[in-house]
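Have a look at the structure that comes next, please.
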There are 2 protein chains.
Amino acid sequence: MLEPERHQIILDLLKKQNTVKLQELVELTNSSESTIRRDLSQLEKQKLLKRVHGGAARLQNMLQEPTMVEKSSKNVQEKRLIAKYAASLIEEGDSVYIDAGTTPFEMIPFLPSDIVVVTNGLMHVEALLSRNIKTFLLGGYVKPTTKALVGRSAIESLKNFRFDKCFMGVNGIHPDYGFTTPDPEEATVKQLAITLTRDVYVVADESKFSEVTFARIADLKDAMIITNAIDKEILTQYERETTIKVVSA
Amino acid sequence: MLEPERHQIILDLLKKQNTVKLQELVELTNSSESTIRRDLSQLEKQKLLKRVHGGAARLQNMLQEPTMVEKSSKNVQEKRLIAKYAASLIEEGDSVYIDAGTTPFEMIPFLPSDIVVVTNGLMHVEALLSRNIKTFLLGGYVKPTTKALVGRSAIESLKNFRFDKCFMGVNGIHPDYGFTTPDPEEATVKQLAITLTRDVYVVADESKFSEVTFARIADLKDAMIITNAIDKEILTQYERETTIKVVSA
DNA sequence: TAAAAGTCAACCAAAAACATTCAAATTCAA
DNA sequence: TTGAATTTGAATGTTTTTGGTTGACTTTTA
């Protein structure tokens with residue numbers, strides 16, 4: 001990996017989260033600690049970040065565009081593993097739907113750049129553009145809490161596309177109730193995206209299993225699940241109905 | 001493979017890719033390392049890319065159009081005056097189209113909050129939401145330079161709405177050629193928005209007068225112009241065809 | 001507070017990438 | 001067709017980058 005590429009990744013990450021751990025960057029870039037340390041020193045000298053014990057922190061002047069709220073760093077690690085694997089399934093030239101939500105968002109740094117992405121996640125666009133990925137955004141009502149695009153107009157936009165692969169975030173995965181999410185409007189968008197896609201994947205960490213929320217999206221059989229550590233017993237319970245790929249460090 | 005051909009390949013790849021590895025180019029062109037190195041040196045001398053260890057990186061100035069940030073520092077004061085007046089025309093309950101672009105953007109802080117806004121400007125959304133304004137975003141291709149939504153999908157989205165008022169940014173205003181903007185795709189969106197609106201306003205500082213750019217949007221008579229200081233003579237020249245509101249401090 | 005764990009800068013040797021040189025191959029003009 | 005000029009690929013020795021190791025330093029844990 002080239003130096004400017006690493007630098008870009010570091011700075012992009014700092015746009016989203018106030019701090020980065022050194023180890024995160026080592027994983028993300030497949031470089032050694034030494035290399036990342038040197039990168040951080042350089043970027044600090046250029047006044048693009050501030051080094052702190054264990055990693056680096058964002059400077060004030062980047063604060064102009066505060067984007068995504070920092071989630072608990074514990075989940076981020078797991079989500080990133082899931083995201084990395086999920087992204088590895090995408091091939092050059094694919095047309096891909098990336099759902100709004102934090103786990104799908106984490107896929108963006110790992111995406112191949114020669115693809116077309118359609119998304120209903122407003123927050124995703126900046127990251128996609130900085131990866132130089134051709135990006136289409138659905139239209140619609142902007143849901144203030146999640147900044148997802150929903151509603152009739154989003155549905156209409158979506159109908160113009162067909163996808164090789166789509167990657168969904170969900171809030172609940174349950175053997176009886178299938179995939180669920182709290183907002184019916186978001187559920188509708190997800191449902192349609194699924195019908196327009198050849199290979200459907202749900203990306204979800206283990207906390208989503210055995211949960212049920214208000215609005216039903218689809219049956220378990222309608223998607224392959226990509227997740228992290230999960231209990232053997234629970235696993236078999238689900239595997240009757242769908243395929244589960246378990247990713248671990 | 002001929003030299004100009006290789007150069008084109010290199011530059012094309014950099015348009016898509018931010019960085020290229022030397023080895024990539026060796027494979028892609030079936031040339032030797034030496035040859036590619038020489039190519040890169042030449043292209044660097046022509047200021048078309050930057051060499052980095054292991055390959056080459058794209059320069060900033062390959063972005064054709066000035067970006068949002070650069071633009072917004074110019075003429076901010078004047079634009080804000082124009083924007084403030086324009087916003088004062090909006091009444092509670094109106095449905096309003098706010099065009100992508102910096103002058104329309106400046107209106108957002110002055111908007112009444114009990115309205116519905118539709119926009120094709122990605123950058124506007126954050127600001128609109130922080131004002132607690134109900135916001136619809138058009139779908140479509142995200143133009144990387146201006147973060148405006150354009151294309152067929154944007155057009156389709158737009159057809160779902162009707163507006164009491166719309167506020168357009170333009171790049172050129174000319175007695176013979178009417179309103180113009182550089183990008184034909186953006187022009188198409190603006191055109192449609194105009195036909196869907198009862199009261200059409202163009203917000204533009206004086207620098208736009210007597211300018212003509214590539215794509216025609218509409219005739220002068222199709223919109224009322226809101227601008228700042230402007231020469232009396234020039235004013236009368238335009239007033240045969242349209243109404244101009246001049247705002248001053 | 002002391003031990004343990006984690007993080008750090010500095011150093012080193014290996015690997016990768018580099019500029020330079022030169023001869024062969026190609027192109028062009030006479 | 002010949003000869004000069006340009007372009008190309010390989011060989012050379014040099015420079016940069018990289019990942020591992022060291023011992024010093026900082027933070028966390030007990």
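Just so it is clear: chains get the letters A, B, ... in the order the sequence lines come, proteins before strands, and each one is counted from 1. Quick caveat, the model's predicted, so the values are computed rather than measured. What's counted below: heavy atoms across the whole structure, side chains too, no hydrogens, waters or symmetry copies.
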For this session: Specify the separation, in whole Å, of atom CD of B:Q23 and atom P of C:dA17.
Result: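 Result: 6 Å.
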For this session: Tell me, please, whether A:Y201 has A:K165 positioned over its six-membered ring: NZ or CZ under 6.0 Å from the ring centre and within 45 degrees of its axis?
Result: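 No cation-pi geometry.
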For this session: Would you classify B:V26 as touching base, sugar-phosphate or nothing, given that sugar-phosphate means primed atoms plus P, OP1 and OP2, and contacts are heavy atoms under 4.0 Å?
Result: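 B:V26: no heavy atom of the nucleic acid under 4.0 Å.
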Exercise. Does the ring centre of A:F161 sit less than 6.0 Å away from the ring centre of A:F136?
Worked result: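 That pair passes the under 6.0 Å test.
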Exercise. The side chain of A:S32 lies closest to which of these nucleotides: D:dT7, D:dG19, D:dG9?
Worked result: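 Of the options given, the side chain of A:S32 lies nearest D:dG19.
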Problem set entry | Gap separating the CG atom of B:D99 from the CD atom of B:E186, nearest 0.5 angstrom |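 Interatomic distance, B:D99 CG to B:E186 CD, rounded to 0.5 Å: 7.0 Å.
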Exercise. Within this structure, what is the CZ-to-C1' distance between B:R37 and C:dT21, rounded to whole angstrom?
Worked result: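 Distance check: B:R37 CZ to C:dT21 C1' gives 15 Å.
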For this session: Measure from the ring center of A:Y238 to the ring center of A:F209 and say whether it is less than 6.0 Å.
Result: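 Aromatic pair counts; centres sit under 6.0 Å.
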Exercise. Counting just side-chain N and O atoms, does A:R51 come under 4.0 Å of either OP1 or OP2 of C:dT7?
Worked result: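 For A:R51, the contact criterion (side-chain N or O under 4.0 Å from OP1 or OP2 of C:dT7) is not met.
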Exercise. So, is B:R6 near the phosphate of D:dT7, with a side-chain N or O under 4.0 Å from OP1 or OP2?
Worked result: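 For B:R6, the contact criterion (side-chain N or O under 4.0 Å from OP1 or OP2 of D:dT7) is not met.
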Exercise. Under 4.0 Å: is that the gap between some side-chain N or O of B:T35 and OP1 or OP2 of D:dG9?
Worked result: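 For D:dG9, OP1 or OP2 has a side-chain N or O of B:T35 closer than 4.0 Å.
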Exercise. Does a side-chain heavy-atom distance below 4.5 Å link B:R6 with B:E3?
Worked result: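 The answer is yes; the side chains approach within 4.5 Å.
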Exercise. For B:N30 and D:dT8, what is the distance between atoms CG and P respectively, to the nearest whole Å?
Worked result: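 It works out to 13 Å between those atoms.
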For this session: Rounded off to whole Å, could you give me the CG-to-C1' distance for the A:L22 and C:dC8 pair?
Result: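 It is 10 Å, rounded to the nearest whole Å.
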For this session: Round to the nearest Å and state the distance from A:D39 atom CG to C:dA9 atom P.
Result: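 The answer, rounded to whole Å, is 13 Å.
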Exercise. Between the side-chain atoms of A:R38 and the base atoms of D:dG19, is any donor-acceptor pair under 3.5 Å?
Worked result: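 Present.
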Exercise. A:H53 has an atom NE2; how far is it from atom P of D:dC25, in whole Å?
Worked result: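 After rounding, the reported distance stands at 13 Å.
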Exercise. In whole Å, what is the span from the CD atom of B:E44 to the P atom of C:dC18?
Worked result: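 Checked: the CD to P distance equals 11 Å.
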Exercise. Between B:S31 and A:E3, who's closer to the 5' end of DNA chain D by nearest nucleotide?
Worked result: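 Closest to the 5' end, via its nearest nucleotide, is B:S31.
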Exercise. In whole angstroms, how far is the P atom of C:dT20 from the CD atom of B:E33?
Worked result: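 Rounded to whole Å, this separation is 16 Å.
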